[in-house]
Q: 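Sharing a structure with you now.
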Amino acid sequence: MRTAVTIFPGSNCDRDMIIALKKITGKTPIKLWHKETEVPNLDLIVIPGGFSFGDYLRCGALAARSPIIKSIKNHISRGGAVLGVCNGFQILIEAKLLPGSLIKNQKLLFTCKETLLEIQNTLESPFCSGFKVGTTLEIPVAHNEGNFFASKEVIEKLEGEGRIAFKYKQIKNNKNNYNPNGSLNDIAGILSKNGRVLGMMPHPERVINKFQGGIDGLKFLSTSIEQLID
Amino acid sequence: MKVIINISLKNGVLDPEGQAIENSLLNLGFKDFKNIRIGKQIILNIDKINKSEVLEQANNMCETILANTVIENYKIDILEDK
Amino acid sequence: MKVIINISLKNGVLDPEGQAIENSLLNLGFKDFKNIRIGKQIILNIDKINKSEVLEQANNMCETILANTVIENYKIDILEDK
Amino acid sequence: MKNKDLKLNKNIDSELFKVNKNEYFVQQTSNLKAALEMGLTKEEFELICNKIKKIPNKTELGIFSAMFSEHCSYKSSKKWLKTMPTKGSHVIQGPGENAGVIDIGDNLAVVFKIESHNHPSFIEPYQGSATGVGGILRDVFTMGARPIALLNALRFGSIDHPLTKHLVSGVVRGIGGYGNCIGIPTVGGETEFNKSYDGNILVNAMAVGLAKKDRIFYSAATGSGNPVVYVGAKTGRDGIHGATMASAEFTENSSEKRPTVQVGDPFTGKLLLEACLELMSTDIVLSIQDMGAAGLTSSSVEMASKGGLGMFLNLDLVPTREEKMTSYEIMLSESQERMLMVLKPGSENQAKAIFQKWDLDFATIGEVTNTGRLILHKNSHVACDIPIAPLVDDAPEYDRPYEIIRNKQILTSKEIAVDKTINEILTNFFQNANMASKRWLWEQYDSSVMADTVLSNGNGDASVVRIHGTESKNSLGKGISMTTDCTPRYVKSDPIIGGMQAVCEAARNIVSTGAKPSAITNNLNFGNPEKPNIMGEIVGSIQGISEASIFLNTPIVSGNVSLYNETNGVSILPTPVIGMVGLLEEVEKCIGLNAEIDCTLILLGQNEKIDDGWLGCSLYQEITSQDVIGAPPPINLENEKKLIDLMLKLTDSNMIISAHDLSDGGLLPAICEMLFFNNLGININLPINSTSQNWSNHMLHGWCFGEDQGRIIVATKNPEKVILSAKSNLVDFFVLGDTNMTGNLNLYNLAPISINDISHYNEETLPLLMNEDK
Ligand SMILES: Nc1ncnc2c1ncn2[C@@H]1O[C@H](COP(=O)(O)OP(=O)(O)O)[C@@H](O)[C@H]1O
Ligand SMILES: [Mg+2]
């Protein structure tokens, strides 16, 4: 299993993601600096969270024009898998590798909290097919622009093609604030047409040890990686 | 030449910031206003000899990076040097 | 009347966003440009009978909420209805 | 170099000679005027002229005025700061460097400090607080440490003051804006509202970092001839004379004089952090100092002075953002995200490559000299040539008159209790912004980035992060526990007790997470020290803090002083904030404050005979009568120590499920807070005397809401063992009752109190207050 984690100036979840991947695969992922143009053959590229280029102009916009993006596109066209978490999701959208847009949270506030995700019925995907539909995972979010927005047609298409990976779900008796950012249809993550590119706002790499409050992130990442190995 | 680029959200795109400002203005007692839209303005100088070249470069910049054309429109104004 | 408010950082105030964008443009191969500054543009309609009233209200809005006058300047343009 | 310097000195002298007597006179008076404008006194100006044997030019005067400012020279507090206990076997570096350093074993060190950004945050709350966070982070990574946690101690004016919400919202966004972007978790802090802060809010930010014990970097310049290197962001005209602004009392129209505000750039901050740590992993950095208050001035002067050397800088080489900057502006600019370093000679290119990789400016701007002078060139002219020693050694140190006023009026609960039901009072408490949950605020902070957070905002009395890289086969690793504390109303009433209480409460918070209190940083926020009563607050609280720190063996390793927090003569409540860190040997032993079902709650530090409580100077008073009177609850350091030792024993033997110390509001609110999360109930046992005729309503109020010190509630599934330990440690205890599923708090024969209802107020109060229409 060959994995890699991209690093842009301002990435700040790269270390956490590297640790999580190493814990699962036993091998330290390759670090891909944003200026790199040559990328070896890989099974999974992860674009981690953070504030690439300070989130200036639009989140992910400046990163999406970095040299490394071309290699990521090549990797995808070879059928490679890509996971974008938080800022990584924003970058995938800005690079037009996923549809829609991520706009400011409805309350216009940065939000860091636990969220509950429900696995949706998706097309065949290494990221979702290892879970039963309806499985829930508790994974935290931490972002300012995670409010997924797209035209009605795009949303319908995503729903129809089974490209919604997970939605925010009500936690216990918390009826009002379970959707942390106002995302349309409570969307927390979406897939590419072939199911091999996933963008998600929650941070699985932050819940891989009991002391962090749970291990659902580990469950999610290791299930995905198992699927990729198969 | 001085180039002024105004970038605004396309119609129908949710604008939480605009909404929040509208609410705040109402709460502060402002009335008689409507249709508030918030946009970005990018001002720069582009040194080319003729206006059409400047426009071309500005256009190019908008398409490649400055605007997200999925949700944003842009408008370019050029002030020719006197 | 249509009111266009342009809000920009005061001279000398650091504009980290402008700088980051400038670097990206350079990396993308754009040349011959300089002095990039990022501002906001707010467009709204204010319904008052005369221009001076509109101006007064717009001014008021800027001072109370729209602009952060510690670090920002604003400029108000009014397009009179024909 | 040496020769060149000599020549320069001659030039200066000859220039001085050229001035004829008349001109000399004119220059002198205009300079005195300039000196006064820069915040110096006539005496200070004369001292400067004598020491440097000439009339300073504007740049030289600006440098002196910055170094002599309260902010840089600590002229009012130095005498007293020197009396603080700063030593301990685990202290690697006490006050005097950018941050304090303690040894935590395994060749690791924890580096931490707290710093205020009060005045700038009042003027521009977002940028002021953001740059405050940026500044304290630089203090920590300058020492070679990777920052691992941020905390902040905030004080705002009364919640209904017209500016408060604007300030709260801006400050919170600013703290989040910087910390979230740079990717350091903000894990804790405190927030309080009081009208005394209406015109002077307090924004104190604390940063904690982790370094290899043998890889700590210091600021003393070494080696005459070694290159002096400038790295980071470019210099602009930001916040010129900020250090003097931070030291001046506010008057109403000072918000009009708004100086150029510094804008924080956390993105560049992140690049600087990574670049500096990358550079520090080589062996080419000899000394390093961040440019904080008074920018290039204080960094160059401090580096040279600590090394007993001199420095030559060519200001033409300083990367600038704006055109035609003068030497005065370059030296006094407070542009953010900059560092000054002395490198091994010949290593500049290696260093430059690292900074270029991170898109940061890098310039060799001068060299270390052995002249003992600060010599600056600008446009091929000498812009400054002054001896360094007087800038530091001759900075004024005042022995200001002081009067410690201690309120000794002991009030009984009878004099204070009001005619309300327990339920009404509890409700009032949790509807009060000071008591209610601060979730609205801390959800805006990324508390889990770096993936080492064990306990953060709201889940425990202190915050805990795992120490990265200490995990082994048998353990998840070590943990560091952190908190900030101060109860200003106690300090106001009795500065000595207030100072002691802040330390003791911090220590109780630390042990309530299972950690051992280790060391302290402090931020002394006060009014105008030229007033004897305010100076008395300073002296008294330093005395109290010192006494408690010695007793608890928590030395003071760093800190910051912020004075002149007054507007129109009205001072803030004295607010000496204590930032404490503690150590957990095994992070799996960490405990939070949420109780579980079928736990016994035991109050430690109080027995069944106590049937009343100390309501003087309490939150009860503040909420029920708006007026705080009387002496604060006394502190018994002996008992505090015993309680701490007992807690360490109990947590070490895994006997506790959760713990919560008693502070603002006393017993009942603390019990509620332990029950909220799992929506539990409890039937509370009452003191022995509760059945007697003498037990009156006011005593019940005293018992429920009194703020007697030295108490912690623990939730346990082994009550017998806890009781046994308490007995053998000579700590009083009282069994409060067992948690149950009813969700009701039953007390006496009163109607059940719904924990869910109280929890609702706890959660909704702040969002409601913050979202309310103005
Ligand atoms: N209240 C205090 N207690 C102990 N040390 C203090 C206190 N205030 C300041 N110091 C120490 O004085 C030194 C200078 O602090 P400061 O001027 O805040 O540094 P800078 O602004 O350069 O970060 C630091 O070593 C700091 O720890
Ligand atoms: Mg410093």
Side-chain angles (χ1 to χ4, degrees), chain A residues 7-20 23 33-35 48-57 59 62 86-87 105 107-115 139-145 172-174 176-177 180 202-214 217-218, chain D residues 146 169 172-173 175-186 265-271 273-275 357-360 439-457 459 464-466 468-469 471 476-477 479 586-588 590 592 679 756 763 767 770-771:
Chain A
I7 303 176
F8 299 91
S11 293
N12 63 29
C13 304
D14 43 328
R15 184 189 77 165
D16 307 350
M17 186 57 84
I18 287 170
I19 290 170
K23 187 173 171 132
W33 182 239
H34 70 117
K35 285 187 176 156
F51 286 66
S52 58
F53 296 92
D55 271 2
Y56 294 130
L57 190 60
C59 303
L62 305 186
C86 197
N87 190 233
N105 295 351
K107 287 188 184 158
L108 299 177
L109 299 177
F110 186 97
T111 302
C112 175
K113 65 200 284 191
E114 215 40 70
T115 59
I139 299 182
V141 294
H143 60 248
N144 209 9
E145 282 94 356
K172 282 191 219 152
N173 41 18
N174 187 355
N176 304 320
N177 296 324
H203 286 275
E205 78 282 5
R206 295 190 190 180
V207 271
I208 60 164
N209 278 307
K210 268 235 177 85
F211 78 85
Q212 294 159 329
L218 184 73
Chain D
R146 179 172 284 279
S169 126
V172 171
R173 276 165 197 263
I175 289 172
Y178 205 101
N180 300 346
C181 179
I182 198 167
I184 317 291
T186 300
D265 179 4
F267 172 56
T268 304
K270 167 78 175 164
L271 303 184
L273 163 69
E274 297 303 336
K357 170 184 158 197
W358 292 100
D359 295 327
L360 292 166
R439 178 187 302 276
W440 177 87
L441 176 156
W442 48 251
E443 271 187 355
Q444 296 182 49
Y445 304 145
D446 190 337
S447 52
S448 52
V449 64
M450 292 185 96
D452 282 315
T453 305
V454 183
L455 273 185
S456 65
N457 315 298
N459 295 322
V464 176
V465 301
R466 195 259 307 253
H468 207 80
E471 59 270 36
L476 291 172
E586 295 163 87
V587 86
E588 44 271 67
C590 169
N679 194 27
N756 202 25
E763 292 295 344
M770 287 307 299
N771 298 330

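Reminder, nothing fancy here: chain letters follow the sequence lines and each chain counts from 1.
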Q: Go through Asp359(D), Val172(D), Val454(D), Thr453(D) and name the one with the most non-hydrogen pairs under 4.5 angstrom from chain A.
A: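 Looking at each of Asp359(D), Val172(D), Val454(D), Thr453(D) in turn, Val454(D) comes out on top.
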
Q: With only heavy atoms counted, which part of Ile182(D) is less than 4.5 Å from chain A, the side chain, the backbone, both or neither?
A: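 For Ile182(D), the contact with chain A is made by the backbone alone.
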
Q: Between Arg15(A) and chain D, which part of the residue has a heavy atom less than 4.5 Å away: side chain, backbone, both or neither?
A: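 The side chain, not the backbone.
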
Q: Highest number of heavy-atom pairs under 4.5 Å with chain A: which of Lys357(D), Glu588(D), Arg439(D), Glu274(D)?
A: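 Of the options given, most contacts go to Lys357(D).
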
Q: Can you name the closest pair of heavy atoms from Cys86(A) and Gly49(A) and give their distance?
A: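 Looks like CB-CA, 4.2 Å.
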
Q: Checking Lys35(A) against chain D: side chain, backbone, both or neither under 4.5 Å from a heavy atom?
A: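 Interface part for Lys35(A): side chain.
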
Q: Which bit of Ile19(A) comes within less than 4.5 Å of chain D, counting heavy atoms only: side chain, backbone, both or neither?
A: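 Side chain of Ile19(A) only, per the 4.5 Å heavy-atom cut-off to chain D.
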
Q: If you measure from CD1 on Ile184(D) to CZ on Arg146(D), what distance do you get to the nearest 0.5 Å?
A: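 The CD1 atom of Ile184(D) sits 7.0 Å away from the CZ atom of Arg146(D).
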
Q: Among Ser456(D), Gly177(D), Gly183(D), who wins on heavy-atom pairs under 4.5 Å with chain A?
A: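 Going by pairs under 4.5 Å, I would pick Gly183(D).
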
Q: Using atom types as modelled and distance alone, determine if a side-chain donor or acceptor of Asn771(D) lies under 3.5 Å from a backbone N or O of Pro767(D).
A: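 The answer is yes, because a donor-acceptor pair under 3.5 Å joins these two groups.
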
Q: Quick one: pull up SG in Cys181(D) and CG in Asn87(A) and give me the separation to the nearest 0.5 Å.
A: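 Nearest 0.5 Å value for the SG-CG distance: 9.5 Å.
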
Q: Is Phe53(A) in contact with chain D via its backbone, its side chain, both, or neither, using a 4.5 Å heavy-atom distance?
A: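 Contact with chain D: backbone and side chain both.
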
Q: Highest number of heavy-atom pairs under 4.5 Å with chain A: which of Ala451(D), Cys590(D), Ser447(D)?
A: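 Looking at each of Ala451(D), Cys590(D), Ser447(D) in turn, Ala451(D) comes out on top.
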
Q: Side chains of Arg206(A) and Cys13(A): does their closest heavy-atom pair fall under 4.5 Å?
A: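 When only atoms from C-beta onward are counted, Cys13(A) and Arg206(A) do touch, with a gap below 4.5 Å.
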
Q: For residues Phe267(D) and Pro9(A), determine if any side-chain heavy atom of one lies less than 4.5 Å from a side-chain heavy atom of the other.
A: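 Contact flag for Phe267(D)/Pro9(A) side chains = yes.
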
Q: Between Asp55(A) (side chain only) and Phe51(A) (backbone N and O only), is there a donor and an acceptor less than 3.5 Å apart?
A: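 No: the side chain of Asp55(A) does not pair with the backbone of Phe51(A).
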
Q: Relative to chain A, which segment of Trp442(D) carries a heavy atom at a distance below 4.5 Å: side chain, backbone, both, or neither?
A: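 For Trp442(D), no heavy atom lies under 4.5 Å from chain A.
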
Q: Given heavy-atom pairs under 4.5 angstrom as the criterion, report whether the side chain, backbone, both or neither of Asn209(A) touches chain D.
A: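 Only the side chain of Asn209(A) comes within 4.5 Å of chain D.
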
Q: If only atom types and distance count, is the side chain of Thr115(A) paired as donor or acceptor with the main-chain N or O of Lys113(A) below 3.5 Å?
A: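 A pair under 3.5 Å: no.
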
